[in-house]
Amino acid sequence: MRVMERTFREQLFFLVLCLSVLKGDSRYIENNEISKDELFSFFNSELKRGTPEELMYRRPLRCLDMVAVEGQFTFTAERPQLSCAAFFMAEPSELISVDYDNVDIDCSGGDFITVFDGWVMKGEKFPSSQDHPLPQHERYVDYCDSGSLRRSVRSSQNVAMVFFRIHNAGSSFTLTVRKHINPFPCNVISQSPEGSYTMVNPQQHRNCSFSIIYPVEIDVSEFSLGHYNKLPKRSMPGCAESGDFVQLLGGSGIDTSKLLPITDLCISFTGPTHMKIGCDNTVVRMVSSGQFVSRVSFSYRLLDSQELQTIKLNNVEDFCFNN
């Protein structure tokens, strides 16, 4: 078993460097000379959105990149780059649009630029196929296939990615990235290892996940889940039979369908419930039948190394260390 002592930045940096992209026949990320400070500078960015076009933030796009600001990002190949990926992230209540601009690539020669609605990491997708509103093939929009018909792509959640292959030095393209308010956020990857969130499903038959890519303590303060509103607080086996419930999941990947269940809750209550989960990824997942307005509120904070060591020694959520 291993002790998870990585800091927030070290952990996410490690995940990004281990990304594997599921598209075409070249599914690995090349080594890239990207410093940790450069990769994570977006966390402290004070760039304002809604600026005029002439004041829009601009910078080069790297073969392996992560972006959390609006702006224009231009990639120019200095040599063949056969497996590249850029990951985009917004606030939980935002969607991301990606516009293809000034594209000069050789589609007939095997070049491509593909926007994916979500993230792919280590062979897994977020949101999972079970939780995303679109079938898998519709989540990919390839510039070479769609051309001028789909020059703009909008995500269904607060993360999106672009992966691309360029064979010829001098080929280039520009992406314009913007953020838009999402009135009913569903699937979210948290930018931060601590915070609070309320997930609401307004009578829609869908599954929504809030993914925290760190080991955390979760405090669930309120459930309001459909027809169980007036019953006392408790957690039940067989919650799936109720049609409306919340799952706490944990594991090392980002696909919620492959994470292990920690507990299910399908009885409404108010008042805090605390749980420490020593996993690389901790997920609060709401399953809704669509017949009721469902709501769950929770806060979370990063576990320190001493807490993780205690979890390991006590064999609490042992699978988080073995998987």
Legend entry - Flag side-chain contact, heavy atom, 4.5 Å: Val120 against Lys125: yes
Inset, instruction - Identify the two heavy atoms, one from Gly251 and one from Leu259, that lie closest to each other, and give their separation to 0.1 Å. - result: CA-CD2, 3.7 Å
Inset, instruction - Can you measure from CG (Asn207) to CG (Asp131) and round to the nearest 0.5 angstrom? - result: 4.5 Å
Legend entry - Side-chain H-bond candidate by donor/acceptor type, Ser221 with Ser297, under 3.5 Å: no
Inset, instruction - Output the distance between atom CD1 (Ile218) and atom CZ (Phe298), rounded to the nearest 0.5 Å. - result: 6.0 Å
Inset, instruction - Determine the minimum heavy-atom distance between Thr256 and Arg285, stating which atoms define it. - result: OG1-NE, 4.1 Å
Legend entry - Qualifying residue for side chain to side chain contact (heavy atoms under 4.5 Å, CB included) with Gln157, from Cys186, Pro127, Pro92: Pro127
Inset, instruction - Could you pull out the closest heavy-atom pair between Leu308 and Pro215, with the gap in Å? - result: CD2-CB, 3.7 Å
Inset, instruction - Measure up the Phe163 and Phe116 rings against each other and bin them: parallel (under 30°), tilted (30 to 60°), perpendicular (over 60°). - result: tilted
Inset, instruction - Measure the shortest side-chain to side-chain distance between Met89 and Met66 over non-hydrogen atoms and say whether it is less than 4.5 angstrom. - result: no
Inset, instruction - Working to the nearest 0.5 Å, report the span between OG of Ser129 and CG of Asp255. - result: 7.0 Å
Legend entry - Non-neighbouring partners of Asp111 that pass side-chain hydrogen bond (donor to acceptor under 3.5 Å, both in side chains), sequence neighbours left out: His167
Inset, instruction - Check whether any side-chain heavy atom of Thr310 lies under 4.5 Å from a side-chain heavy atom of Glu307, and answer yes or no. - result: no
Inset, instruction - Taking Asp99 for its side chain and Thr176 for its backbone only, find out whether a donor-acceptor pair lies under 3.5 Å. - result: no
Legend entry - Spacing of CG belonging to Leu303 relative to CD1 belonging to Ile277, to within rounding of 0.5 Å: 9.0 Å
Legend entry - Short side-chain to backbone donor-acceptor contact, Glu124 and Met121, under 3.5 Å: no
Inset, instruction - Please name all residues satisfying side-chain contact (heavy atoms from CB on, under 4.5 Å) with Gln204, sequence neighbours left out, ordered by chain then number. - result: Asn201, Pro202, Arg206
Inset, instruction - Give a yes or no on whether His205 atom NE2 has more than 12 heavy-atom contacts from other residues, nucleotides or ligands under 6.0 Å away. - result: no
Legend entry - Any donor-acceptor pair under 3.5 Å from Thr282 side chain to Gly278 backbone: no
Legend entry - Reported OG-to-CD1 distance for the pair Ser190 and Ile213, which is rounded to 0.5 angstrom: 8.0 Å
Inset, instruction - Indicate yes or no: does Glu217 engage Arg301 in a salt bridge with an N to O separation below 4.0 Å. - result: yes
Legend entry - Set of residues satisfying side-chain hydrogen bond (donor to acceptor under 3.5 Å, both in side chains) with respect to Ser196, sequence neighbours excluded: none
Legend entry - Residues which pass side-chain hydrogen bond (donor to acceptor under 3.5 Å, both in side chains) with Ser171, listed by chain and number, not counting sequence neighbours: none
Inset, instruction - Indicate yes or no for a side-chain donor-acceptor contact from Asn158 to the backbone of Ala90 under 3.5 Å, with no hydrogens or angles considered. - result: yes
Inset, instruction - For the pair Ser155 (side chain) and Ile96 (backbone), establish whether a donor and an acceptor sit closer than 3.5 Å, ignoring hydrogens and angles. - result: yes
Inset, instruction - Ignoring hydrogens and angles, tell me if any N or O in the side chain of Arg154 forms a donor-acceptor pair with the backbone of Ser152 under 3.5 Å. - result: no
Legend entry - Within 6.0 Å of CD in Glu138, more than 12 heavy atoms from elsewhere: yes
Legend entry - Partner set under salt bridge (charged side-chain N to carboxylate O under 4.0 Å, His left out) for Glu194, not counting sequence neighbours: none
Legend entry - Salt-bridge contact Lys122-Asp280 (side-chain N to carboxylate O under 4.0 Å): no
Inset, instruction - Decide side-chain contact (heavy atoms from CB on, under 4.5 Å) for Leu175 and Phe88; before the verdict, give the C-alpha distance in whole Å, the side-chain angles of both, and the deciding distance to 0.1 Å. - result: CA-CA 11 Å; Leu175 302 177; Phe88 301 96; 4.3 Å; yes
Legend entry - Proximity of Tyr300 and Phe210 rings by center, below 6.0 Å: yes
Inset, instruction - Would you confirm whether Gln72, through its side chain, and Arg58, through its main-chain N or O, come within 3.5 Å as a donor-acceptor pair? - result: no
Legend entry - Whether Arg139 side chain and Asp117 backbone form a donor-acceptor pair below 3.5 Å: yes
Legend entry - Nearest heavy-atom neighbours spanning Leu248 and Met275: CD1-SD, 3.9 Å
Legend entry - Considering all heavy atoms, the nearest Gly250-Ile262 contact: N-CD1, 3.8 Å
Legend entry - Ser209 OG to Asn281 CG distance, which is reported to the nearest 0.5 Å: 9.5 Å
Legend entry - Cationic N near anionic O, under 4.0 Å, Arg295 to Glu222: yes
Inset, instruction - Examine distances only and state if a side-chain atom of Lys179 and a backbone atom of Ala68 form a donor-acceptor pair shorter than 3.5 Å. - result: yes
Inset, instruction - Go through the structure and list residues passing side-chain contact (heavy atoms from CB on, under 4.5 Å) with Ile113, not counting sequence neighbours. - result: Tyr100, Val103, Ile105, Tyr143, Val162, Phe164, Phe173
Legend entry - Pair Ser289-Asp244, side-chain donor/acceptor within less than 3.5 Å: yes
Legend entry - Steps toward side chain to side chain donor-acceptor pair (under 3.5 Å) verdict (Asp106, Ser108): CA-CA 5 Å; Asp106 183 8; Ser108 62; 2.8 Å; yes
Legend entry - Leu95-Met199 co-clustered via ILVMFWY side chain contacts under 4.5 Å: no
Inset, instruction - Output yes when a side-chain donor or acceptor of Trp119 lies under 3.5 Å from a complementary backbone atom of Ala160, and no otherwise. - result: yes
Inset, instruction - Please name the pair of heavy atoms, one in Gly71 and one in Met56, separated by the smallest distance, quoted to 0.1 Å. - result: CA-CG, 3.7 Å
